[in-house]
There are 2 protein chains.
Amino acid sequence: MRIVSLNCNGLRSAAKKGFFDWLAKSGADHVCLQETKAQPEDLADALFHPAGWHLHFHSAQKKGYAGVAIYSRRQPDLWVDNLGAPEFDGEGRYLEAQFGPLSVISLYLPSGSAGPERQASKDRFLEFFPEHLAKLRASGREVVICGDWNIAHTKLDLKNWRSNQKNSGFLPHERAWKDKLYGEWGWVDAYRSLHPTEEAEAYTWWSNRGNAWANNVGWRIDYQVISPSLKARLLSASVYKAERFSDHAPLIVDYAD
Amino acid sequence: MRIVSLNCNGLRSAAKKGFFDWLAKSGADHVCLQETKAQPEDLADALFHPAGWHLHFHSAQKKGYAGVAIYSRRQPDLWVDNLGAPEFDGEGRYLEAQFGPLSVISLYLPSGSAGPERQASKDRFLEFFPEHLAKLRASGREVVICGDWNIAHTKLDLKNWRSNQKNSGFLPHERAWKDKLYGEWGWVDAYRSLHPTEEAEAYTWWSNRGNAWANNVGWRIDYQVISPSLKARLLSASVYKAERFSDHAPLIVDYAD
DNA sequence: CGTCATAAG
DNA sequence: CTTATGACG
């Protein structure tokens with residue numbers, strides 16, 4: 001079972017760059033997208049509804065903003081497209097597809113880089129979300145939370161960790177939250193489990209400014225966070241950089257069936 | 001003496017398409033631009049200030065909107081960048097360069113195609129401007145008014161005249177205004193004087209929508225309107241279509257020195 | 001720097 | 001359809 005997580009930075013834009021050609025040949029069973037930046041009516045074209053895929057969008061109320069989606073080879077038993085938190089549900093940040101005992105989730109955590117008000121919203125998300133995480137853990141389901149978490153966890157997870165300690169995405173309290181995620185809350189970082197010391201090959205996002213991509217000045221902010229029950233099924237994890245659909249790269253993880 | 005009129009549809013955009021390369025080799029003495037869509041500070045780059053040219057911008061207050069400019073090989077005695085009409089002066093629609101007895105003017109007449117409110121403003125311009133035209137005529141100066149007049153005068157001046165009789169730019173009252181311009185107010189249409197029956201070769205604007213350019217579905221809305229004193233000096237007039245800098249094409253008129 | 005929205009033409 | 005600005009990342 002192959003699961004892909006990608007912040008596509010505009011699904012229409014990614015489509016122009018060949019995302020759907022790649023999707024067809026990706027071998028993926030489930031693809032979780034973030035920042036679709038479109039309403040369902042903007043995605044009416046057949047291009048966005050390829051044969052053989054089941055899909056669902058959770059768009060933000062604000063046009064062109066945020067939004068998540070899941071494309072899946074299988075028909076889910078249930079789509080869950082809200083968290084019960086109005087501040088975040090209206091921003092298209094969560095979508096869950098349930099397949100028997102398995103939940104595949106697309107998550108787009110707020111970015112705090114635009115200023116203090118956005119950081120405050122991100123912090124409210126960090127405050128709120130653990131409750132939901134606990135429910136997922138308590139459900140006993142197999143859970144894969146694919147997403148742009150907008151937090152690099154450790155010094156291994158971004159090129160310039162030293163200069164970014166005061167920047168949103170690598171703030172001490174954000175990193176401490178991820179410590180708890182993988183510690184006391186019992187979740188597992190799929191990529192890091194398989195590549196405990198990888199740095200340069202692990203980045204999933206590069207700023208559009210400067211020559212970040214060319215110089216691999218990247219951050220690992222896209223993760224597949226899994227319930228411990230799935231850890232034994234991890235086969236491989238990699239970042240796909242042969243093509244560029246977005247300022248983020250697809251994170252591909254294979255799980256034993 | 002060669003004078004060029006061009007609605008450049010964004011001077012920065014036209015620059016990217018080679019306008020300044022063409023300017024250098026155009027043989028022009030005076031070039032009147034409309035829709036520069038930039039503030040002077042946006043045009044600080046040396047590219048916009050080529051050696052050997054004197055130039056002046058009259059930008060709109062609203063950023064990225066309208067704006068006219070004149071590039072001239074000679075140093076004018078005076079730049080006049082207003083009409084004394086607040087509604088139009090704040091929109092960057094008029095600039096006059098005076099060289100001895102000659103006035104070279106860049107004019108951008110309001111478009112009415114965006115709706116009734118913009119048509120009403122265009123109509124107020126048509127109401128107001130004859131007073132200024134009369135002053136120019138009364139001054140006894142040699143006057144060349146280069147501009148996007150946003151009105152096709154006769155059936156010869158647009159491909160689809162029949163279907164456009166209710167569209168802004170070919171409305172009966174607009175055409176009647178141009179009748180007066182060339183009739184009782186005594187001005188001369190430079191291009192038409194030299195090419196009394198030209199149609200397809202005379203268009204200066206093609207909509208970006210559909211395949212207007214490929215099918216030459218054009219309008220002649222850019223004119224050099226001259227005082228009668230200059231009529232005897234008309235040598236040639238043509239529309240330059242070998243390159244495309246804009247949705248309009250440069251209108252080139254040569255005058256005897 | 002890039003994607004999208006919106007205004008304007 | 002295209003050029004702009006502005007929001008957001």
Side-chain angles (χ1 to χ4, degrees), chain A residues 7-17 19 34-39 42-43 59-67 91-93 108-115 117-119 121-122 148 150 167-169 205-214 217 219 221-222 244-248, chain B residues 7-17 19 33-39 41-43 59-67 91-93 108-115 117-119 121-122 148 150 167-169 205-214 217 219 221-222 244-248:
Chain A
N7 178 319
C8 61
N9 191 24
L11 187 49
R12 285 167 286 185
S13 167
K16 283 183 204 148
K17 295 170 182 161
F19 168 71
Q34 301 87 38
E35 283 207 274
T36 51
K37 292 189 173 184
Q39 308 290 128
D42 301 326
L43 305 170
S59 299
Q61 258 142 21
K62 190 193 293 196
K63 285 171 122 193
Y65 181 73
E91 286 189 341
R93 298 191 173 277
Y108 177 44
L109 210 140
S111 165
S113 62
E117 288 184 18
R118 292 313 298 160
Q119 183 64 44
S121 177
K122 182 179 188 176
D148 176 354
N150 264 317
N167 290 143
S168 182
W205 173 73
W206 300 261
S207 169
N208 277 321
R209 305 172 212 201
N211 287 101
W213 169 260
V217 178
W219 295 53
I221 55 179
D222 300 276
R244 278 204 97 187
F245 310 120
S246 162
D247 51 345
H248 296 246
Chain B
N7 179 319
C8 58
N9 191 22
L11 187 49
R12 286 167 287 186
S13 167
K16 282 184 203 146
K17 295 170 182 161
F19 168 70
L33 301 174
Q34 301 86 38
E35 283 206 276
T36 52
K37 293 188 172 184
Q39 308 290 130
E41 55 268 32
D42 301 326
L43 304 169
S59 299
Q61 257 141 22
K62 190 192 295 196
K63 285 170 121 193
Y65 181 74
E91 286 189 340
R93 298 193 174 277
Y108 176 44
L109 209 140
S111 165
S113 61
E117 288 183 17
R118 293 311 298 159
Q119 183 64 43
S121 177
K122 182 179 188 177
D148 176 354
N150 265 318
N167 291 143
S168 181
W205 173 74
W206 301 261
S207 170
N208 276 322
R209 303 172 212 200
N211 288 101
W213 169 259
V217 178
W219 294 53
I221 56 178
D222 300 274
R244 279 204 95 188
F245 310 121
S246 163
D247 51 343
H248 296 245

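Note that this is a predicted model, so its numbers are computed, not measured. Naming: A, B, ... by sequence-line order, numbering from 1 per chain.
Salt-bridge formation is detected for the pair B:R118/B:E91: a Lys NZ or Arg NE/NH1/NH2 atom is positioned less than 4.0 Å from an Asp or Glu carboxylate oxygen.
B:Y65 is not listed as a side-chain neighbour of B:E35, based on a closest heavy-atom distance of 4.5 Å or more. Using a 4.5 Å heavy-atom threshold, the side chains of B:S111 and B:K122 count as separate.
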Can you give one letter per nucleotide of nucleotides 2-9 of chain D, 5' to 3': B if a protein heavy atom sits under 4.0 Å from the base, S if only from the sugar-phosphate, - if neither? SBSSS-SB
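Contacts between chain B and DNA chain C, taken as any atom within less than 4.0 angstrom of a protein heavy atom, begin and end at C:dA8 to C:dG9.
Looking at residues two or more places apart in sequence or on another chain, you find a ring pair (Phe, Tyr, Trp, His ring centres under 6.0 Å) between B:F245 and B:F19, B:W22.
Ring geometry, B:W205 versus B:H248: the interplanar angle falls from 30° to 60°, so the pair is classed tilted.
In plain terms, the two heavy atoms of B:N7 and B:S246 that are nearest each other are O-OG, 2.6 Å.
By the neighbour-count criterion of 12 heavy atoms within 6.0 Å, atom CD of B:E41 is densely surrounded, having more than that number from other residues, nucleotides or ligands.
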